[in-house]
Chemist: 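Have a look at the structure that comes next, please.
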Amino acid sequence: MRANRNLVAGQRLPRLDGAPKVTGRFVYGADFALPGTLYGKVLRSQVPHARIVRIDTGRARAMPGVRAVITAADIPATRFGNAIKDQTVFATDTIRFLGHPLAAIAATSVEAAEQALAAIEVEVEALPALYDPEAALASGAPLLHRDWHDYVALPFISRDGNVAGRTRMHGGDVAAAFAQAHRVYENRFTTALQHAGYTEPRAASAAWDGGDTLTVWTNAQLPFEVQTTLADILGMPTSRIRVIVPGVGGGFGGKLRIGVEHFAALLARQCGRPVKMVTTSEEELIAAHPRQAAIITLKTGVDRDGRILARQGRVIVDCGAYSGSGPGTGAVALQCLVGPYRTPNLEMESLAVYTNKVPSGSFRAPSGPMANFAVESQMDMIADDLGIDPLELRLRNIVRDGDTGPAGEVLRAVSIEECLRRAADAIGWHDRRPAPGRGKGIACSWWMTTGGSSGVYLKLNTDGSVNLASGAVELGTAALTGAAQVLAEQLTLDLEDIRIAPVDTQSTPYDYGAQGSRTAFSVGNACIAAAEDLRRQAFAVVARHLGLPADEMRLQGKCVVAGEHRVPLSEVARLSQLGGGGLIAHGTAINPPPAYDAARVENHPLPVWNTPSFHAHAADLSVDRDTGEITIHRYVVVQDVGYAINPTYIEGQIEGGVSQGLGQALSEEIVYSDGRVLNANLTDYKMPTSLDVPPIESILVECPSQAGPYGAKGVGEPPCIEPPATVANAIAAATGLWVTSLPITAEKVLLSLRKEYPQAVDHRDSARD
Amino acid sequence: MSFTVHHPASVSDAVALAERYGADGRFLAGGTDLIIQIHRKRLASQHLIDLTGLAELRAIEDAGDEIRIGALATHKAIERNPLFQGALVALAEAARVVGGHQVRNVGTVGGNIANASPAADVVAPLLALEAEVVLQGAAATRRVRLRDFLAGPGRTMRGDGELVREVHVAKPPPRSATAFLKAGRRKAMEISVVCVAARLTLDDAGRCAAARIALGAVSATTMRAEAAERALEGALLTDDVLRDAGRLAAGACHPIDDVRASARYRRLLVEALVPRALARCVERISGRRS
Ligand SMILES: Cc1cc2nc3c(=O)[nH]c(=O)nc-3n(C[C@H](O)[C@H](O)[C@H](O)COP(=O)(O)OP(=O)(O)OC[C@H]3O[C@@H](n4cnc5c(N)ncnc54)[C@H](O)[C@@H]3O)c2cc1C
């Protein structure tokens, strides 16, 4: 890392919310309860696809403790959704997935509500269901949304029947390049549905004030989106809906879209009492917002030296019953399919497809790991086939500063070579197959820092401290501590002098939200702008007080310094209260996307990436040839963070992201059979435990960006991108074969070794080094 | 979900309560199986008879030629007890991989047996050790072989009011060793996809004098691989012989396909883990002699 001249930014300081969190005093969304609250529960369908004949709530209404019962019949059939408004609160006439909400009940206890749910009579008529997105694409497949044409969608989205979104990127002439290529490789990869795995279930409490003003306390990641979605559903102006986020016990993208807030709000309105809802593990696994399963086909043509001539890719993301974040997720896969490689000819397509399964969301680096698994596995297959070292093959193809990216944008602050070389050094690349059954793998990627605007307010307190009000939620990443470090640095304060206000849509300024690796970056930038505003105002206060010119003042050691005079910020606050109603500063930030060539991109929500980051991972593992079991000995991450605002929490992001990525790589999968989840519990949905995660070594590279605070780049999402590919490549180094289907369970490995598993690419018989 | 919890002060009170409530009553030990079954609505017991106050059921005793394990002995207690460090180490190896620390701190051997999951980890070494179960009813106490006690998935020959009081394990003769191996998707908090326990005794010539192999999660109850045992007895334990035992065991089990693994994979695991567990026993016996 570069030498850091800052005193607060760049330092390994303890996070501001650490003590209450580790001592159990912190109030999370699921802890929050109002006096006199009722408890809400949702009745979910037991069938994947059906026409509703009758829902009878008569018996349920008469049950003891029941205070409110609602179904689609009680509310307008308003459609809502992120990219496409295709969803209703309850199934209206058609059930589209097992778990589809049919009714909700509020009662005096959770048990009473559950008993009443069981008393609701539901009569349905089964419809033929579609579980396989490729089948849903086939001509003549039944339409899962007969009214899809009438749905309101964001203007860029291209839809067609069961296709909720189609995106393309292209450049050059792929066919001609394939024709001239030394070799062309074509492979197919599949990945599984993965739950975001937050520790705290989704939770919300809702209370109405006088029937026309609603307050919701929720652990949502995007309080402003929850506010507008509730406004859509309830038909109310946004200002009459107040969303407060007490605290979030992990989100990872799974809490971006509305969760249970609308049920709580509707129930509370009907019975005139506060209602609290918390999801169960089963609801989480059958009806949350998991990472889409994907099918990726990738075709790459190379010259004799392994240089990429052309790449054609197609990703199908399985949205489930509603589009959710599917269209955007599919689109973003395209940049990942190109990867950090010079690709003179490319043709990429994504399809987000409806099926009768759980609607999916945007889990951390939404399609990054799936696309990267495909690209980086194939890079290794090419290297192996051509007899080129996989690191060398990558070094021959990576982008360099000033190259153009997939949308024709100019790439800056490119650090991929350093990341690759350092990862290889750290893992001991010179000895790639140290023992029989043992191998080392490497994979690299790039990722965006999502745009979107941020606003912050600052209030200077009479003790010299500063309140920071941001609409960005602290998800647990310590991103707000990072932003506060930037702010403290700018104002010559200590980190402890910053007080972060709770997020409340009524009082905190707008923020695009805690998502997309943007929080510390964007809120940090808004803090820099607000600090500038605060300084200007403070100097004006001192100028009035001392009769000195403001333009010769500076901040130093928590004081405004004007010639010989040093006026402490506490004094500035006092002075401003005497004459100016206190000192309030405001700052905003937006990171505009770079220029690109629009002719290369069709129907893409994020056609060009802001401030990309670069990274490489390497693993050293052993494969038990008799059981297929994998033991990872070491795992190395080299990540370009631009500027490490707080190295400790960046390492935390890396360790957590790698753990999630290893789960996706090796063990996690929501398993469906005939539309039913077979493992809707945490016994059989297998997130890695502490014993499954190897020691993770983090190496931070600081290749500064133009746009981020002190040169920072987005940090949060990338660590979960490369683990599946890294592991797949290390397994291939150990065994000679790549399993092309996630998760790479021990069972798949063993069956592949025995040639009993079809989704594997076996190079054992071909000549190798 | 509503039930009454009873806190009997003695084993006889506990048994009397169980007798009174019959099928409506359940003993509550660590609760790590029971509470989940109630929570998932697979069980609706009206009366829970809490055993945790009955300290006498926690004891692990060396009774000379056998070891008596009280039903309330926790997995953690087994894991830590020096009695299970020598020839009986398979018991500690199995106890050590049950769930995570929290589960092992409260989950009991009695619960593991009485719950009769075909994947119960501690049952496998107990079966390989030909353990016996002492059952106490209101009228009588009886002692039955563990293999007879296990009747099917979740089913035992325990009568409604009967308490599992102890498990008895005979100390193996000299030149004996045990080993336990478990395969699953994770290294902790994992229900066995397959588990294997082996007990081996060698004669002075290095031939197999006795072999016992128990397999978990590959049939309706934890099972013995008897054909494999017979093939080993009297033989010199070469790699080929051990491999054959693995094949025989794999051929004898009846695994199913489920969300955790395919039957095919389970069979392959048995084939791989049986020789490995046996080889470990051989190493332990020869290691101890040197
Ligand atoms: C997260 C988690 C992980 C787990 N992992 C494993 C694992 O890796 N391996 C494994 O084998 N198991 C595992 N289990 C299951 C469980 O922990 C064990 O089976 C444990 O030994 C059960 O003991 P208990 O004392 O908690 O039984 P309880 O839940 O109290 O009782 C289980 C059943 O046995 C009956 N019972 C209990 N004691 C007696 C008695 N003395 N006499 C008669 N009947 C009795 C009860 O009425 C009940 O029907 C896991 C459980 C959890 C929750």
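Order of the sequence lines fixes the chain letters, A, B, ..., with proteins taken first and strands second; residue numbering starts at 1 for each chain.
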Chemist: Would you say K686(A) and M189(B) make side-chain contact, with heavy atoms under 4.5 Å?
Modeler: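 Contact flag for K686(A)/M189(B) side chains = no.
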
Chemist: Heavy atoms only: give me the nearest T689(A)-A188(B) pair and the separation to one decimal.
Modeler: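 Taking every non-hydrogen atom into account, CG2-O, 3.7 Å.
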
Chemist: Determine whether E668(A) and R185(B) satisfy the following criterion, side chain to side chain contact (heavy atoms under 4.5 Å, CB included), listing intermediate values before the conclusion.
Modeler: CA-CA 9 Å; E668(A) 287 183 51; R185(B) 207 174 274 199; over 6 Å; no

Chemist: Which answer fits I36(B), side chain, backbone, both or neither, if we ask what part of it has an atom under 4.5 Å from a heavy atom of chain A?
Modeler: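 For I36(B), no heavy atom lies under 4.5 Å from chain A.
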
Chemist: Can you tell me which portion of Y685(A) sits under 4.5 Å from chain B's heavy atoms? Options are side chain, backbone, both or neither.
Modeler: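 When you check distances to chain B, only backbone atoms of Y685(A) fall under 4.5 Å.
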
Chemist: Which one wins on heavy-atom pair count under 4.5 Å against chain B: A746(A), S690(A), S673(A), P743(A)?
Modeler: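 Looking at each option in turn, the highest pair count goes to A746(A).
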
Chemist: Would you confirm whether D692(A), through its side chain, and K187(B), through its main-chain N or O, come within 3.5 Å as a donor-acceptor pair?
Modeler: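 Yes, because the side chain of D692(A) sits within donor-acceptor range (under 3.5 Å) of the backbone of K187(B).
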
Chemist: What's the spacing between L268(B) CG and E747(A) CD if we round to 0.5 Å?
Modeler: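 Reported value, rounded in 0.5 Å steps: 8.5 Å.
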
Chemist: Output the option from S262(B), G184(B), G100(B) having the highest count of non-hydrogen pairs under 4.5 Å with chain A.
Modeler: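 That would be S262(B).
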
Chemist: Heavy atoms only: give me the nearest M687(A)-R186(B) pair and the separation to one decimal.
Modeler: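 What the structure gives for the nearest pair is O-NH1, 2.6 Å.
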
Chemist: Report the distance from atom OH of Y757(A) to atom CZ of R264(B), rounding to the nearest 0.5 Å.
Modeler: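 So the OH of Y757(A) and the CZ of R264(B) are separated by 15.0 Å.
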
Chemist: Who among L666(A), N681(A), I630(A) has the most heavy-atom pairs with chain B under 4.5 Å?
Modeler: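 Of the options given, most contacts go to N681(A).
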
Chemist: Return yes when atom CZ of R634(A) has more than 12 non-hydrogen atoms of other residues, nucleotides or ligands closer than 6.0 Å, and no otherwise.
Modeler: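 Counting neighbours around CZ of R634(A), more than 12 heavy atoms of other residues, nucleotides or ligands fall under 6.0 Å, so yes.
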
Chemist: Within the 3.5 Å criterion, strictly below it, is a donor on R40(B) or T683(A) matched to an acceptor on the partner's side chain?
Modeler: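 Note: R40(B) and T683(A) side chains meet the donor-acceptor criterion.
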
Chemist: Return yes if some donor-acceptor pair links the side-chain N/O of E629(A) with the main-chain N/O of A183(B) below 3.5 Å, else return no.
Modeler: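 It does not hold such a pair.
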
Chemist: Pick one of side chain, backbone, both or neither for L750(A), based on which atoms fall under 4.5 Å of a heavy atom in chain B.
Modeler: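 L750(A) touches chain B through side-chain heavy atoms alone.
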
Chemist: Quick one: CG on D258(B) to CG on L678(A), what's the gap to the nearest 0.5 Å?
Modeler: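 If we round to the nearest 0.5 Å, D258(B):CG and L678(A):CG are 9.0 Å apart.
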
Chemist: Which answer fits E756(A), side chain, backbone, both or neither, if we ask what part of it has an atom under 4.5 Å from a heavy atom of chain B?
Modeler: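 The side chain, not the backbone.
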
Chemist: Please classify the contact of T627(A) with chain B as side chain, backbone, both or neither, using a heavy-atom distance under 4.5 Å.
Modeler: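 Both backbone and side chain.
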
Chemist: Checking D624(A) against R276(B) for the salt bridge (charged side-chain N to carboxylate O under 4.0 Å, His left out) test, could you report, in this order, the C-alpha distance in whole Å, the side-chain angles of both residues, the deciding distance, and whether it holds?
Modeler: CA-CA 12 Å; D624(A) 184 325; R276(B) 210 175 267 190; 2.6 Å; yes

Chemist: For the interface with chain B, which of L682(A), T280(A), D684(A), N679(A) has the highest count of heavy-atom pairs at distances below 4.5 Å?
Modeler: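 Top count of heavy-atom pairs under 4.5 Å with chain B: D684(A).
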
Chemist: Please answer whether the main-chain N or O of K748(A) pairs with a side-chain N or O of Y265(B) as donor and acceptor at a distance below 3.5 Å.
Modeler: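 Checked: no pair found.
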
